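Everything on this sheet refers to the single structure shown next.
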Amino acid sequence: MKHPCKYHPGTEALWYCAHDGLYLCQQCVDGDEDHRMEARCLLCNHDLLPAGQSHMGPLWQRLGRYLRQPFSLPLLPLLAIWAVLAALLPPLWAMVPVALVAGLPTLVFSAALMTLRAGPRKGRKAAFPAWDCLAESASWKSALWQALPALLVIGLAGLLMVAVSVPAGLLVAVIGMLLVPALWLAVLVQGAEPGAYAAAANYIVSAPRDYAVAAGFASLGCVSAVALVAVALDVLPLPLVQGVAGLLAAWWWLVLADLCGEIAARHGRLWGLNQGGRRVPLPLAERRQRTQLCAGRFDKVLLTTSKIIKTKKATVADWQHHDRLLAVLGKEDERIALAEPYLDCLIGAQAWSVALELVARQRHRDAQWLPAAPALRLALAEGVYTRDPKLVVALLKELHQKYPEFADLGEAYLLLAKVLAEAFGLSGKAEQYLRYVESHCRDARLRQKVADCRLAWG
């Protein structure tokens with residue numbers, strides 16, 4: 001494990017937050033599981049980098065590395081092939097298509113290089129593609145579709161230089177090359193199909209800063225290479241100039257492929273690439289709370305849970321979570337103030353064991369504490385009369401004195417009489433409550449229940 005997550009130590013970090021200097025796993029990240037959203041830190045809401053690029057910095061700061069990359073030992077043969085074959089060609093217009101054929105290995109190798117760079121770093125076995133990529137039909141197909149727009153721009157610019165003027169041709173080259181990286185990325189992400197070009201604008205808009213580096217190199221690098229060849233024509237023999245042109249073409253192509261591959265690696269999750277990380281089944285809100293708890297940011301979590309428990313969708317788990325947070329933070333006054341709403345939620349969910357624990361906790365603080373609302377007392381008594389008959393007696397006795405207008409007073413006293421008679425054997429005391437129901441309640445159904453109770457206790 002290269003980097004463990006700061007807040008989930010047993011999990012490998014897939015992301016790095018430059019703002020807080022943290023390595024984070026997918027559980028700590030704001031972004032859906034398919035990575036169609038830009039990844040953001042759940043703690044500070046700043047953009048994240050893939051963990052393998054935590055110390056890379058902006059693309060433009062690493063441009064020198066990419067400019068030197070084609071001179072690496074594995075890539076030198078590609079430069080040599082294009083340069084030597086171009087130098088050996090006769091000085092005819094026929095050299096142009098032949099020179100392109102000489103550059104085919106470079107085109108195919110560049111397509112394979114882009115694919116390798118765009119993939120997840122932890123799965124790479126080599127820094128460069130193997131030479132057997134030249135035998136893969138997929139690499140050839142991608143190479144041809146990526147080469148097409150660049151060759152069209154170069155061909156049109158060359159035609160204008162000859163037929164119109166050199167400035168006109170250079171202007172077309174400068175403008176046209178600005179779009180080439182987007183078209184290469186479209187083929188890389190969408191696949192080697194004609195329709196892939198339609199998605200090119202997305203890669204310009206979604207990665208503007210990094211794309212500007214690649215587009216600037218594509219445009220200025222192409223024009224600079226043409227200028228160097230034009231100068232070389234005045235001072236070098238023609239075969240040597242042709243060799244220099246082939247060398248510069250191979251160098252430009254490999255550097256641009258490397259830059260595009262790096263852009264795809266940095267932003268691939270946004271575009272649907274590099275989705276090999278472990279999927280996170282937990283909802284985003286729960287992941288955010290867990291991360292904030294691990295980071296010790298209890299006040300933030302408390303603010304969130306306070307909003308949740310005020311909604312009708314709040315569950316028992318939400319209330320328990322909020323209650324534990326209040327206990328951890330020592331906010332006992334708030335726990336006491338929320339006891340009745342919490343109890344109401346527990347009764348609604350028929351969580352009688354938790355409800356009894358809550359009542360016991362409140363009565364431990366204050367031996368006289370009982371829910372203030374008579375309806376809440378009756379609902380609690382109906383749920384726990386077999387579990388805690390003493391509590392039922394405390395909840396329901398003397399209700400007619402405290403809440404004379406309570407609509408369900410008859411039901412409450414019938415339940416109280418049942419508990420007194422069956423749980424404690426106090427039939428005489430139970431009879432007093434039955435008489436109260438007879439004398440104060442006009443509901444025939446209640447009167448029938450009174451008769452049934454007397455018959456059962458006979």
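Quantities reported herein were computed from a predicted structural model and do not represent experimental measurements. These numbers come from the heavy atoms of this one structure, side chains and all, not from hydrogens, waters or symmetry mates.
- Considering CH2 of Trp369 and CZ of Arg363, their distance stands at 9.0 Å, rounded to 0.5 Å.
- Minimum interatomic distance between Trp253 and Ala150 (heavy atoms only, all atoms of both residues): CH2-CB, 3.9 Å.
- Atom-to-atom distance recorded for Cys345:SG and Asp318:CG is 8.0 Å, nearest 0.5 angstrom.
- Interatomic distance, Leu380 CG to Leu391 CG, rounded to the nearest 0.5 Å: 5.5 Å.
- Between Leu254 and Leu79, the closest side-chain pair of non-hydrogen atoms falls below 4.5 Å.
- At a threshold of 4.5 Å between non-hydrogen side-chain atoms, the residues Trp319 and Val354 do not count as touching.
- Two residues are said to be in side-chain contact when any heavy atoms from C-beta on lie closer than 4.5 Å; Asn202 and Val189 fail this criterion.
- Checked for salt-bridge contact, Glu340 and Arg377 miss the test: no charged N lies under 4.0 Å from a carboxylate O.
- Judged by distance alone, with hydrogens and angles left aside, the side-chain atoms of Tyr211 form a donor-acceptor pair with the main-chain N or O of Ala182 at under 3.5 Å.
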**OP:** List the steps, then state whether side-chain contact (heavy atoms from CB on, under 4.5 Å) holds for Leu42 with Leu24.
**Re:** CA-CA 10 Å; Leu42 290 178; Leu24 304 171; over 6 Å; no
Original post:
Under the ring-ring contact (aromatic ring centres under 6.0 Å, His included) criterion, do Phe217 and Trp251 qualify, and how do the steps go?
Top reply: CA-CA 12 Å; Phe217 170 79; Trp251 171 81; 5.5 Å; yes
**OP:** Dump the intermediate steps for side-chain contact (heavy atoms from CB on, under 4.5 Å) on Leu63 and Leu259, then the final yes or no.
**Re:** CA-CA 8 Å; Leu63 184 58; Leu259 286 171; 4.1 Å; yes
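- To the nearest 0.5 Å, the span separating CZ on Arg324 from CG on Leu302 amounts to 13.0 Å.
- When each of Val235, Leu240, Leu233 is tested with Pro237 by the rule side chain to side chain contact (heavy atoms under 4.5 Å, CB included), just one qualifies, namely Leu240.
- With Ser224 contributing its side chain and Leu220 its backbone, the two residues share a donor-acceptor pair below 3.5 Å.
- The heavy-atom pair separating Tyr197 from Pro149 by the smallest distance is OH-CD, 3.5 Å.
- Tyr403 contributes a side-chain N or O that, together with a main-chain N or O of Ala372, makes up a donor-acceptor pair within less than 3.5 Å.
- Tyr385 OH: 12 or fewer foreign heavy atoms inside a 6.0 Å radius.
- Here OG1 of Thr304 is found 12.5 Å from CZ of Arg297. Values are rounded to the nearest 0.5 Å.
- Using a 4.5 Å cut-off on side-chain heavy atoms (C-beta onward), His321 and Ile308 make no contact.
- Taking all atoms of both residues into account, the shortest heavy-atom contact from Gln190 to Tyr203 is NE2-OH, 2.7 Å.
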Subject >> Leu325 vs Leu293, side-chain contact (heavy atoms from CB on, under 4.5 Å): CA-CA, chis, key distance, verdict >> reply: CA-CA 10 Å; Leu325 281 172; Leu293 286 173; 3.7 Å; yes
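- Looking at every heavy atom in both residues, Ala168 comes nearest to Leu160 through O-CD1, 4.2 Å.
- Nearest heavy atom pair, residue Ala157 against residue Gly169, reads CB-O, 3.3 Å.
- Side-chain contact between Ser142 and Leu188 is absent, with no heavy atoms from C-beta onward closer than 4.5 Å.
- For Glu332, the salt bridge (Lys or Arg N to Asp or Glu O under 4.0 Å) partners are Arg335, Arg365, not counting sequence neighbours.
- Within the model, atoms CG of Leu170 and CE of Met161 stand 3.5 Å from one another, a figure rounded to the nearest 0.5 Å.
- Here the closest heavy-atom approach between residue Ala87 and residue Gln242 is recorded as O-NE2, 4.0 Å.
- Considering only heavy atoms from C-beta on, Ile309 stays 4.5 Å or farther from Pro341 through its side chain.
- Trp82 contributes no side-chain N or O that, together with a main-chain N or O of Gly246, makes up a donor-acceptor pair within less than 3.5 Å.
- Contact check for Thr305 versus Gln289: side-chain heavy atoms found under the 4.5 Å cut-off.
- Looking at heavy atoms from C-beta onward, Trp252 lies in side-chain contact with Met177 at the 4.5 angstrom threshold.
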**OP:** Any chance you could lay out the side-chain contact (heavy atoms from CB on, under 4.5 Å) test for His322 and Leu326, step after step, and finish with the verdict?
**Re:** CA-CA 6 Å; His322 186 71; Leu326 292 175; 3.7 Å; yes
